[in-house]
Protein chains: 2
Amino acid sequence: MPETARHDVFQAIADPTRRKLLQLLSEKEMPIGALAAHFPISRTAVAKHLAILSDASLISGKKTGREKIYVLHPEPLREVKEWLDYYERFWDNKLSMLKHLVESGEEQSLKETETRKKPNH
Amino acid sequence: MPETARHDVFQAIADPTRRKLLQLLSEKEMPIGALAAHFPISRTAVAKHLAILSDASLISGKKTGREKIYVLHPEPLREVKEWLDYYERFWDNKLSMLKHLVESGEEQSLKETETRKKPNH
DNA sequence: TAATTATGAAACCTTTTGGTTTTATTTTTA
DNA sequence: TAAAAATAAAACCAAAAGGTTTCATAATTA
């Protein structure tokens, strides 16, 4: 695994082993050994999957002593979510409008809460 | 492309060419020739991508005369969305609860689905 | 300090992916 | 009906993906 090419988040989550790694790291940060114990493949193979996830900025590792603890970084998944939002309208005719309102309201609130706390009715 | 193994929706959307194919088909149903015109690769290569998308049940083709018209089937993307919903809470602390309420309500109306706590992949 | 533990790195292997070119087959249409 | 158009199918190819084993290195601990 040359690790030269930049890895895409869509490609990173395409592999079931990598999805399970993300799930494990979402429960608790762990070193590679603890992660590898959950799989039938070798620790080296897990290390390569971690490298791909790291390349997609989905995880990072901090070395403490002789261990390297891996931590989840879910932010890049937002790109996938935004891609999906476009298609959601095609399968969901019911509440898509409400949900889009909620989500656009959320973005608004993220910007607004710094400057304003009360509604401006 | 032996087409023996069943294709996963996560894997199907991993390739940028296939994502663009989905986008084109979301605008208008088209035969393979019209699709291939949007890419620098051969029509045969596009045909293989379409086979993968079809294998993931994301599209289907109906033959009319000498043309085969491809149609988008976005439903399998719901699986990706549900997987993402689990991670959304990690980047969105504000309205995730409201959104989860909206979405669980939606799922309930479509079918009686349990609220899931862990991803199933 | 010597053995153990945890990880990193390199070399290698097989299958899958994403692409090509070539050769049919089936409908239209000139 | 012969030519053109649209697609399908087969054979082939290079590179990437996913795995292995083997060897090396850095911290711990007995």
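Only this structure's heavy atoms are used, side chains among them; waters, hydrogens and symmetry mates stay out. Residue numbers start from 1 in every chain, and the chains themselves are labelled A, B, ... in the order their sequence lines are given, proteins ahead of strands. For clarity, every value in this text was computed on a predicted model and none was experimentally measured.
Atom CD in B/Q11 sits roughly 17 Å away from atom P in C/dT15 (whole-Å rounding). Computed from coordinates, the B/I52 CD1 to C/dT17 C1' distance equals 7 Å when rounded to whole Å. If you take NZ of A/K48 and P of C/dA10, they are 12 Å apart, rounded to a whole angstrom. Between the CG atom of B/L53 and the P atom of C/dT17 there is a distance of 13 Å, given to the nearest Å. Protein atom CG of A/D8 is 15 Å distant from nucleotide atom C1' of D/dA16, rounded to whole Å.
A close approach under 4.0 Å does occur between a side-chain nitrogen or oxygen of B/H49 and OP1 or OP2 of C/dG19.
A/R43 places no side-chain N or O within 3.5 Å of a backbone atom of A/A36 that could act as its donor or acceptor partner. Remark: side-chain polar atoms of B/R19 are paired, donor with acceptor, to backbone N or O of B/I13 under 3.5 angstrom. Without hydrogens or angle criteria, A/S26 side chain to A/Q23 main chain gives a donor-acceptor distance under 3.5 Å.
Taking CG of A/L53 as the reference point, atom NE2 of A/H73 lies at 12.5 Å (rounded to 0.5 Å). Expressed to the nearest 0.5 Å, how far CG of A/L72 lies from CG of A/L24 amounts to 10.5 Å. One distance of note links OH of B/Y70 with NZ of B/K68; it measures 4.0 Å at 0.5 Å rounding. Note that the NZ atom of A/K48 and the OG atom of A/S54 stand 15.5 Å from one another [nearest 0.5 Å]. Expressed to the nearest 0.5 Å, how far CG of B/L25 lies from CD1 of B/I59 amounts to 6.0 Å. Rounding to the nearest 0.5 Å gives a distance of 5.0 Å between CD1 of B/I41 and OG1 of B/T17.
The stretch residues 13-30 of chain B touches DNA chain C through B/D15, B/R18, each having a heavy atom within less than 4.0 Å of the strand. For the segment residues 31-45 of chain B, the set of residues with a heavy atom within less than 4.0 Å of an atom of DNA chain D comprises B/P31, B/I32, B/G33, B/R43, B/T44, in numerical order.
Side-chain heavy atoms closer than 4.5 Å link hydrophobic residues (I, L, V, M, F, W, Y) into clusters, and following such links, possibly through other members, connects B/L84 to B/F90.
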Can you tabulate the close N/O pairs, meaning under 3.5 Å, that link protein atoms to atoms of nucleotides 28-30 of chain C?
| residue | atom | partner | partner atom | Å |
| --- | --- | --- | --- | --- |
| C/dT28 | OP1 | B/R66 | N | 3.4 |

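Ion pairing between A/R78 and B/E88 fails under the 4.0 Å rule for side-chain N and carboxylate O.
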